[in-house]
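Here is the structure we will look at.
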Amino acid sequence: MSPPALAMTNDDARETEFQKGVKHLFENGVSKLPKKYVLPVSDRPNVDKEQPNTAKSSLKLPIIDFAELEGPNRSLVLNSLSSACEEYGFFQVINHGIPIEVIRSMIDVSTRFFGLPYEERAKYMTSDMASPVRYGTSLNQSKDAVFCWRDFLKLVCHPLSDVLPHWPSSPMDFRELAATYAKETKYLFLRITEAILESLGLWGATKEKTPEDDEIVKQFQDGSQLMVVNCFPPCPEPDLTLGMPPHSDYGFLTLLLQDEVEGLQIQYKGKWITVEPRANSFVVNVGDHLEIFSNGRYKSVLHRVFVNPAKPRLSVASLHSLPFNCMVGPSPKLIDEANPRRYKDTDFATFLEYISSCEPKKKNFLESRKLT
């Protein structure tokens with residue numbers, strides 16, 4: 001009979017394998033989903049089954065044509081933007097001005113990064129949430145009871161000159177291409193944010209600007225930016241797991257670039273609906289900070305990712321908000337007797353403390369900031 005210590009070692013060995021991520025499992029020819037990734041029945045995606053809570057149809061998100069914002073139809077586009085943020089919490093941006101070669105290069109170099117040998121990727125593994133570069137798996141690999149089928153590379157992007165030397169040096173062109181992409185998405189974020197502030201009646205061409213109005217835009221210019229490159233390899237039993245469980249994003253806005261493989265679903269009217277990928281566009285979603293800032297007028301929405309058995313999927317999420325040390329609270333101009341304050345102020349330190357102490361589920365963090 002083998003000593004108990006040996007059985008323990010086998011478990012430890014298995015756990016070590018999972019800590020190496022799903023790309024590593026896929027490369028080693030996993031043909032059955034390990035128990036560590038099997039979700040409870042109630043949490044499984046059931047993408048193609050007759051399930052009451054999963055819509056068969058896919059969703060074309062409201063489209064914001066960015067070129068139109070600069071022209072005579074600006075007020076119409078702002079109205080569309082406002083209703084998209086209120087009804088869906090998501091929209092799709094086209095004609096955004098980011099060159100196609102910048103987008104393609106980012107997808108290409110990210111694919112090459114995840115194609116590196118495990119030992120090369122593992123150099124960036126750390127449990128330090130504040131690290132300027134972090135490679136890992138699942139959502140929080142030191143806390144998650146059930147792992148999700150996803151590996152990630154997280155890159156802090158601000159201030160770029162400080163963090164760039166920490167970013168992966170392999171592939172050789174990674175830093176250059178990812179930095180160009182980060183700058184372009186930052187610029188796009190600022191332009192979308194100006195439109196969002198204008199749609200809320202807080203800023204813009206038609207109103208008298210006060211120093212406070214310009215100050216808020218200035219804060220965003222110096223704001224935080226985190227880039228998350230997600231890798232979802234083919235999965236042997238996709239019905240049993242998810243690439244990412246239902247969650248909302250904690251920043252102000254997220255700009256998502258995805259390849260042509262379906263995977264993103266949003267919760268709309270109580271059903272999970274698949275978002276159709278659209279080449280060279282960005283999916284933009286309202287984050288928890290914007291819900292707080294708009295005093296609940298614009299909603300951050302639950303979304304999740306399903307995986308598939310045949311195709312790998314890659315996405316690049318760029319999460320933007322105010323600077324890390326800033327408090328985020330409802331804009332005083334959106335609070336009155338009819339609309340009392342609905343949220344406490346919050347900051348990144350509170351958020352990081354929260355997710356370090358528990359599994360981030362659904363919109364739990366945002367719920368913890370609500371005033372009853």
Side-chain angles (χ1 to χ4, degrees), residues 17-26 30-59 89-90 114 135-154 228-250 254 256-268 270-277 283 285 287 300-317 319 355 358-366:
E17 282 303 290
F18 301 145
Q19 293 292 343
K20 291 179 178 178
V22 290
K23 187 77 171 44
H24 179 74
L25 285 176
F26 172 71
V30 67
S31 58
K32 190 166 167 40
L33 198 68
K35 275 204 183 79
K36 184 76 179 171
Y37 296 88
V38 177
L39 288 167
V41 175
S42 58
D43 293 345
R44 290 177 196 170
N46 300 310
V47 174
D48 296 311
K49 306 280 189 295
E50 284 300 326
Q51 280 290 320
N53 68 338
T54 304
K56 274 245 182 265
S57 60
S58 54
L59 181 70
F90 272 80
F114 284 105
Y135 180 70
T137 190
S138 195
L139 269 186
N140 181 344
Q141 68 201 79
S142 54
K143 289 272 189 307
D144 297 346
V146 178
F147 274 18
C148 54
W149 194 259
R150 163 224 193 200
D151 287 354
F152 63 78
L153 177 69
K154 291 189 176 179
V228 186
V229 188
N230 296 302
C231 167
F232 307 99
C235 175
E237 295 178 281
D239 288 349
L240 303 180
T241 191
L242 281 165
M244 287 185 85
H247 65 286
S248 61
D249 292 346
Y250 61 83
T254 300
L256 179 74
L257 174 66
Q258 42 179 355
D259 61 18
E260 72 290 346
V261 180
E262 282 187 345
L264 176 66
Q265 291 187 320
I266 70 170
Q267 200 166 63
Y268 180 64
K271 291 184 186 298
W272 286 108
I273 300 187
T274 302
V275 173
E276 279 185 23
V283 172
N285 64 287
S300 72
V301 168
L302 286 180
H303 50 289
R304 68 181 191 182
V305 175
F306 66 88
V307 287
N308 80 57
K311 295 177 181 170
R313 180 173 177 268
L314 188 106
S315 69
V316 186
L319 294 95
I355 61 163
C358 63
E359 279 192 64
K361 283 201 172 110
K362 309 249 165 133
K363 286 176 73 167
N364 286 2
F365 176 69
L366 189 68

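As a basis for the values below, the full set of heavy atoms in this structure was taken, side chains included, without hydrogen atoms, waters or symmetry mates.
- At least one donor-acceptor pair closer than 3.5 Å links the side chain of H303 to the backbone N or O of H247.
- Applying the side-chain contact (heavy atoms from CB on, under 4.5 Å) test to S138 and every residue at least two apart in sequence or in another chain returns D144, F147, C148.
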Report task. Before giving the answer on side-chain contact (heavy atoms from CB on, under 4.5 Å), spell out for V261 and F232 the whole-Å C-alpha distance, their side-chain angles and the decisive distance to 0.1 Å. Result -> CA-CA 10 Å; V261 180; F232 307 99; over 6 Å; no

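- D259 has its side chain within reach of R313: a pair of non-hydrogen atoms, C-beta onward, lies under 4.5 Å apart.
- The closest side-chain heavy-atom distance from V146 to K35 is not below 4.5 Å.
- A heavy-atom distance below 4.5 Å is found between the side chains of W149 and P236.
- When all heavy atoms are compared, the tightest approach of L264 to Q258 is CB-OE1, 3.9 Å.
- Across all their heavy atoms, L33 and E237 have their closest contact at N-OE1, 2.8 Å.
- Between the side chain of T241 and the backbone N or O of Y37, at least one donor-acceptor pair lies under 3.5 Å.
- Nearest heavy-atom pair, R304 versus P45, reported as atom, atom and distance to 0.1 Å: NH2-O, 3.2 Å.
- No side-chain heavy atom of P234 sits less than 4.5 Å from a side-chain heavy atom of P309.
- Every residue two or more places apart in sequence or in another chain that forms a side-chain contact (heavy atoms from CB on, under 4.5 Å) with P40 is listed here: S42, D43.
- Legend: residues meeting ring pair (Phe, Tyr, Trp, His ring centres under 6.0 Å) with F152, ordered by chain and number and at least two apart, are absent.
- V275 places a side-chain heavy atom less than 4.5 Å from the side chain of I266.
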